[in-house]
Amino acid sequence: MVRSADAPRPPDDSRWRELLSRAGRAGRWIVDHDWAGTPLGPLADWPPSLRTALVVCLHSPVPAALWWGPGLVLLANDDYLAGLGPAGTRALGRPAAAVWPDAVPALTGVLTAARVTRHGDDGAGPVFSSGPVVDAAGHPEGVLTTVAAAPGGTADAAPGDPVVVADGDRRRALRQAEGLARLAGALSAAGSRDAVMEVVGAVTPGLVGADGVRVAAATAGAWELTVTGDAGTAELRVTDDEPLARAVREETTVPLPDGLCLPLRDGTGAVLGALEVRWDGPAADEEARRILLDAVAGLCSQALRRAELTASARAMAEFAARLSVTRSTGEAIEVILDAAPSALGAALPGLAMRDEGRRVRLWHAELPSGLVATFDDLTIDDPRPIAHALRTGERIILRNRAEFAARHPGLPDPAGEYGMVTTVVLPLLDASRRPIAALGFGWPRERALHDDDLALLDTVADLCEQTLERVRLAAAEHNLVTRLAGRLRTSATIGPPGLELATRYQPAMSGLHLGGDWYDLVDLDDGRLAVVVGDVVGHQVEAAADMAQLRTVVNTLIRSGVPLAEVFPRLTGLLGVGFLGTCLAMVVDPVAGQAQVARVGHPHPVLLRPGRPPETVWTGHSLPLGLVRDPVPVTTVAFGPGDLLVAYTDGLVERRDQAYDAGVTALHEVLVPVRDQPVEVIADTLLTKLSGSDDDQALVVIRHAG
């Protein structure tokens with residue numbers, strides 16, 4: 001199998017580099033420095049959380065430092081470095097342990113505990129405020145420290161010369177820092193995309209002094225945008241002639257007469273939405289305002305990405321849960337076609353599997369009839385992507401229709417004709433890593449599939465593969481037990497004259513849980529009939545094997561004329577106690593008009609007489625099958641013309657969500673309306689009306705025909 005795709009395009013970081021270059025000597029040094037051999041890695045690979053925090057740090061009007069990663073590598077603005085004295089010029093890019101060892105415990109505490117700290121409020125020196133910087137998943141990755149001047153108007157970031165900061169700049173910096181901290185805190189608590197957009201709309205206007213703020217969120221691969229602002233929530237299409245739509249569509253900042261519209265990007269450069277800010281009249285200090293907006297956009301982008309990952313994880317958990325309870329290939333395919341596209345935000349799913357010969361069958365959920373028709377003649381040798389993936393096990397990702405045309409020149413493109421731009425085909429493999437199916441779907445707008453998206457596709461494929469393999473094994477074992485049970489149960493159900501008989505055996509299928517219920521009919525002399533219904537504790541083939549052995553021994557004992565009371569202790573003597581179960585044995589004598597009943601731990605049979613309600617045939621107490629060493633009580637009941645006897649295993653009446661007695665009552669209620677129907681109809685009705693069990697079921701219905 002091949003699971004690969006072209007590397008995602010790098011984000012456009014020209015704006016970010018420009019902001020760093022204009023942030024004094026420290027900013028220029030950071031841009032020009034070779035970070036490849038450092039713990040931070042190449043500059044182009046720095047995550048969005050680091051980029052956003054660094055812009056805030058370097059452009060802060062007060063001394064500010066960013067301590068990043070487990071080693072707390074220092075990145076600081078010129079004012080902070082000046083406060084370090086002569087050592088400041090050599091401090092950039094070094095760990096805190098080498099720059100300021102005494103500060104390491106406090107900084108580590110902020111990083112590990114993810115809490116804000118403040119020192120120096122006693123007025124004797126500068127005030128240090130440190131807070132965590134979190135990534136898109138909410139994990140602390142660094143610490144941002146700002147230094148406010150003491151009442152005398154100076155701020156001392158560390159031992160060394162003080163830095164003079166104007167009171168106006170200090171107050172403005174504090175307001176912005178508090179606003180950004182408030183925005184970051186509120187966004188970190190927002191658990192969904194709607195909550196993120198609500199926070200941005202509520203907090204951003206006061207932070208940037210704007211008259212109005214709108215934020216648009218884009219769903220990857222979809223044309224619709226969700227827009228939140230003062231007027232509430234609305235829908236917008238990416239193709240609309242609106243600034244928010246243009247910012248998303250063109251992936252660039254859109255200037256407005258009274259404001260600005262910025263695209264919101266994740267760490268890969270993919271656009272998650274857009275932020276529109278408008279002022280009532282001209283705003284001063286345009287460069288400082290733009291830097292602040294970039295910081296706000298960065299925080300918003302991280303929060304949207306975090307919400308997207310959370311929603312994706314929730315959808316995948318739901319997908320896995322739905323797959324876990326499927327019990328057949330048909331059920332699994334239905335869930336895959338319904339839930340996998342929902343988890344991925346995709347459309348037009350189809351699942352291809354091998355059919356007879358070299359033909360391929362396409363399973364689908366509400367695909368357009370015209371699109372389905374194009375796959376009517378699909379064979380395993382077909383060059384189209386879904387057949388190719390099924391044949392070779394290769395994952396196929398086509399980001400746009402130009403890639404399809406380049407890969408398949410001259411081949412019709414039905415997915416493109418029905419509005420798909422980016423399409424994916426996932427091969428689904430069996431335990432031997434051979435392709436058994438191929439799942440295809442797409443998006444109506446080009447979707448850049450990055451590392452996180454590819455990992456998600458792999459997870460979807462893995463879940464589908466495990467489920468299809470599980471239900472395949474379950475079906476194989478189910479068929480084995482069904483065939484075994486079919487060979488063991490009595491083939492003829494005619495019985496002696498005067499009796500009408502119907503028998504049923506229905507194996508359960510719940511994962512790989514297959515049981516050992518059985519029934520047996522034994523013709524005896526004088527027109528009598530022995531009826532045995534049993535249930536071996538356990539599942540899978542071992543239970544079926546125990547069932548076969550028990551059935552054979554019980555049958556032999558009854559045929560040998562062993563009295564009913566002695567059958568079960570004799571069974572224990574012959575086979576020991578290496579098994580456990582329940583069993584009911586009845587000898588029905590239509591000539592004498594009676595039935596003898598012996599029961600060891602098994603459900604009581606039901607007797608239904610003409611014109612009377614169903615009644616339970618009570619017997620004496622006995623230990624379960626496998627523990628019986630003494631003769632068991634035998635109950636004799638009258639069984640005359642028109643009477644009906646029903647013997648069954650507990651799978652017919654037991655349910656996890658109801659009491660056992662409620663199941664027996666339900667059986668009685670189902671019997672009454674069909675009491676006069678043929679016994680075959682009665683048996684079918686019982687299985688149909690009392691369906692839903694996780695256990696297998698055996699059933700014998702006997703009527704005295706007179």
Practice task
Locate the shortest heavy-atom distance separating R445 from A218; write the atom from each residue and the value.
Solution key: NH2-CB, 4.1 Å
Problem - Ion pair check, R395 and D458, cut-off under 4.0 Å - result: yes
Handout entry: Test item: T422 side-chain N/O and R399 main-chain N/O as donor-acceptor pair under 3.5 Å
Key = yes
Exercise for the section: First locate atom CG of L378, then atom CG of D355, and finally report the distance between them rounded to the nearest 0.5 Å. Expected result: 10.5 Å
Fill in the blank from the handout: Applying salt bridge (charged side-chain N to carboxylate O under 4.0 Å, His left out) to R246 and not counting sequence neighbours gives E250
Handout entry: Donor + acceptor pair across side chains of T649, D535 (<3.5 Å)
Key = no
Problem - With sequence neighbours excluded, residues passing salt bridge (charged side-chain N to carboxylate O under 4.0 Å, His left out) with R358 - result: D381
Exercise for the section: Among residues two or more places apart or on two chains, list those pairs meeting ring-ring contact (aromatic ring centres under 6.0 Å, His included) that have a residue in residues 382-418. Expected result: F404-H408
Practice task
Apply salt bridge (charged side-chain N to carboxylate O under 4.0 Å, His left out) to D194 and list each qualifying residue two or more places apart in sequence or on a separate chain.
Solution key: none
Problem - Lys/Arg N to Asp/Glu carboxylate O, E680 vs R504, below 4.0 Å - result: yes
Practice task
Answer yes when E465 and R470 have at least one side-chain N-carboxylate O distance shorter than 4.0 Å, and no when they do not.
Solution key: no
Practice task
Could you pull out all residues at least two apart from D453 that satisfy side chain to side chain contact (heavy atoms under 4.5 Å, CB included)?
Solution key: R447, L449, H450
Practice task
For side chain to side chain contact (heavy atoms under 4.5 Å, CB included), just list the numbers for L439 and V425, CA-CA rounded to whole Å, side-chain angles, deciding distance to a tenth of an Å, and then say yes or no.
Solution key: CA-CA 5 Å; L439 175 63; V425 181; over 6 Å; no
Problem - Set of residues satisfying side chain to side chain contact (heavy atoms under 4.5 Å, CB included) with respect to D338, sequence neighbours excluded - result: R322
Practice task
Mind checking the CD-OG1 spacing from E224 to T239? Nearest 0.5 Å is all I need.
Solution key: 9.0 Å
Completion exercise
Taken to the nearest 0.5 Å, the spacing of L468 CG from L429 CG works out to 10.5 Å
Problem - Residue D377 excluded, over 12 heavy atoms near CG under 6.0 Å - result: yes
Problem - salt_bridge(R472, E469) N-O dist < 4.0 Å - result: yes
Exercise for the section: Please round to the nearest 0.5 Å and tell me the distance separating atom CG of D517 and atom CG of D696. Expected result: 3.5 Å
Completion exercise
CG (L344) and CH2 (W443) are apart, to the nearest 0.5 Å, by 5.5 Å
Problem - Test: D452 and R305 ion pair at under 4.0 Å - result: yes
Exercise for the section: Determine whether R265 and L272 make a side-chain contact, defined as any pair of heavy atoms from C-beta on separated by less than 4.5 Å. Expected result: no
Exercise for the section: Measure the spacing between CD of E331 and CD1 of I336 and express it to the nearest 0.5 Å. Expected result: 12.0 Å
Handout entry: Pair R401-T423, side-chain donor/acceptor within less than 3.5 Å
Key = yes
Practice task
Compare all side-chain heavy atoms of V227 with those of V215 and state whether any distance is below 4.5 angstrom.
Solution key: no
Problem - E308/R193 salt bridge by N-O under 4.0 Å criterion - result: no
